[in-house]
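Quick notes on the structure that follows.
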Amino acid sequence: MSAPKKKVVVFDYGFGNVRSAERALAHVGADVEITGDYDKAMNADGVLVPGVGAFAACMQGLRAARGDWLVGRRLSGGRPVMGICVGMQVLFERGIEHGVETEGLDEWPGVVEPLKADVVPHMGWNTVTPAADSQLFAGLDADTRYYFVHSYAVREWSLEVTNPNIRAPKVTWATHGEPFVAAVENGPLWATQFHPEKSGDAGAQLLTNWIGTL
């Protein structure tokens, strides 16, 4: 008898490619539902927080849908959450767009800032440098490329863990003009700046790796 499929909610707060995320997760064997219902999201095995557009608008939509409470409560109970693109960016302390600062969810210290590159937005396929012993990138070659679409990123990782009993987050980097944070694995909270749901077989493997931890 096969194990039941993991229940994953793609949290719908008005910002994100919810349909493509749903298809990608279903393709790798998850039982997926798109919903903005707080209770359904709280009770799922995993919650995926997508995000496209402006940091401030995404934060406004997320708070209106109680997504800030959802992320905080799930993480306090060790329940998995994964953020994608701006859904990753809002997990940081704050974002700066067009000179305007907006508070994020502050799960990690750090500032989302404009990328300093000759060509912006960073749009297309790029390699990454995964963290050592990454679970997220398990089974994927070093030259694997992932699909990015963004003009802003976290350019400095500032969270230091000095307690030897606490596992430090695993931080993956990419470069477009300058190095930036491409992914983070931090206990039950994982996130990617790129779009796994648009990254073909590589993205499917990555989502499979996440679902395997639920």
Side-chain angles (χ1 to χ4, degrees), residues 5-38 40-41 44-68 70-71 74 80-92 95 97 102 104-105 107 112 115 120-126 128 136-137 140 144-154 172 174 176 180-185 189-211 214:
K5 292 183 176 182
K6 296 295 184 180
K7 179 69 177 181
V8 176
V9 160
V10 177
F11 191 61
D12 186 5
Y13 62 101
F15 296 85
N17 300 311
V18 292
R19 293 297 174 190
S20 56
E22 176 193 36
R23 287 193 296 270
L25 287 162
H27 176 71
V28 297
D31 176 11
V32 193
E33 181 177 4
I34 298 172
T35 181
D37 185 278
Y38 180 90
K40 287 183 178 180
D45 294 311
V47 167
L48 187 142
V49 180
V52 295
F55 186 104
C58 283
M59 276 304 306
Q60 184 178 10
L62 200 58
R63 292 190 192 281
R66 298 175 68 203
D68 51 344
L70 170 68
V71 171
R74 281 189 63 90
V81 174
M82 183 171 181
I84 289 177
C85 197
V86 184
M88 167 178 160
Q89 294 179 0
V90 296
L91 296 169
F92 286 88
E97 292 185 355
T102 303
L105 298 179
E107 294 296 338
V112 179
L115 270 174
V120 176
H122 174 210
M123 182 180 298
W125 299 84
N126 203 347
V128 303
L136 185 60
F137 293 91
L140 291 160
T144 299
R145 293 179 177 271
Y146 307 88
Y147 190 76
F148 290 84
V149 183
H150 63 119
S151 300
Y152 299 82
V154 174
T172 290
H176 179 72
F180 64 88
V181 176
V184 182
E185 299 160 67
L189 181 58
W190 289 14
T192 65
Q193 176 61 68
F194 56 86
H195 288 271
E197 79 281 11
K198 296 181 179 180
S199 296
D201 291 343
Q205 179 62 57
L206 189 140
L207 291 173
T208 298
N209 291 343
W210 179 60
I211 290 170
L214 304 183

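Because only heavy atoms are used, hydrogens play no part in the values below, and waters and symmetry mates are left out as well, while side chains stay in. Since the model is a prediction, treat every value here as computed from it, not as a measurement.
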Legend entry - Contact check, side chains of Thr144 and Phe137, non-hydrogen atoms, under 4.5 Å: no
Inset, instruction - Determine whether Trp210 and Trp190 make a side-chain contact, defined as any pair of heavy atoms from C-beta on separated by less than 4.5 Å. - result: yes
Legend entry - salt bridge (charged side-chain N to carboxylate O under 4.0 Å, His left out) involving Glu33 - partner list, sequence neighbours excluded: Lys7, Lys40
Legend entry - Minimum heavy-atom distance between Val112 and Phe92, given as atom pair plus value: CG2-CB, 4.3 Å
Inset, instruction - Could you tell me the separation between the OG1 atom of Thr35 and the CD atom of Glu22, rounded to the nearest 0.5 Å? - result: 11.5 Å
Legend entry - Expected output: side-chain Gln89 to main-chain Gly95 donor-acceptor under 3.5 Å: no
Inset, instruction - Would you name the heavy atoms of Ala56 and Glu97 that are closest together and state the gap between them? - result: N-OE1, 4.4 Å
Legend entry - Nearest heavy atoms of Gly16 and Pro50, plus distance in Å: CA-CB, 3.9 Å
Inset, instruction - Evaluate the ring planes of His150 and Phe148, with Trp represented by its six-membered ring, and classify them as parallel (under 30°), tilted (30 to 60°) or perpendicular (over 60°). - result: tilted
Inset, instruction - Assess the side chains of Asp201 and Gln205: does a donor N or O sit below 3.5 Å from an acceptor N or O? - result: no
Inset, instruction - Could you pull out all residues at least two apart from Asp68 that satisfy side chain to side chain donor-acceptor pair (under 3.5 Å)? - result: Arg63
Legend entry - Residues in side-chain contact (heavy atoms from CB on, under 4.5 Å) contact with Cys85, at least two apart in sequence or another chain: Gln193, His195
Legend entry - Heavy-atom side-chain proximity of Leu206 to Leu136 below 4.5 angstrom: yes
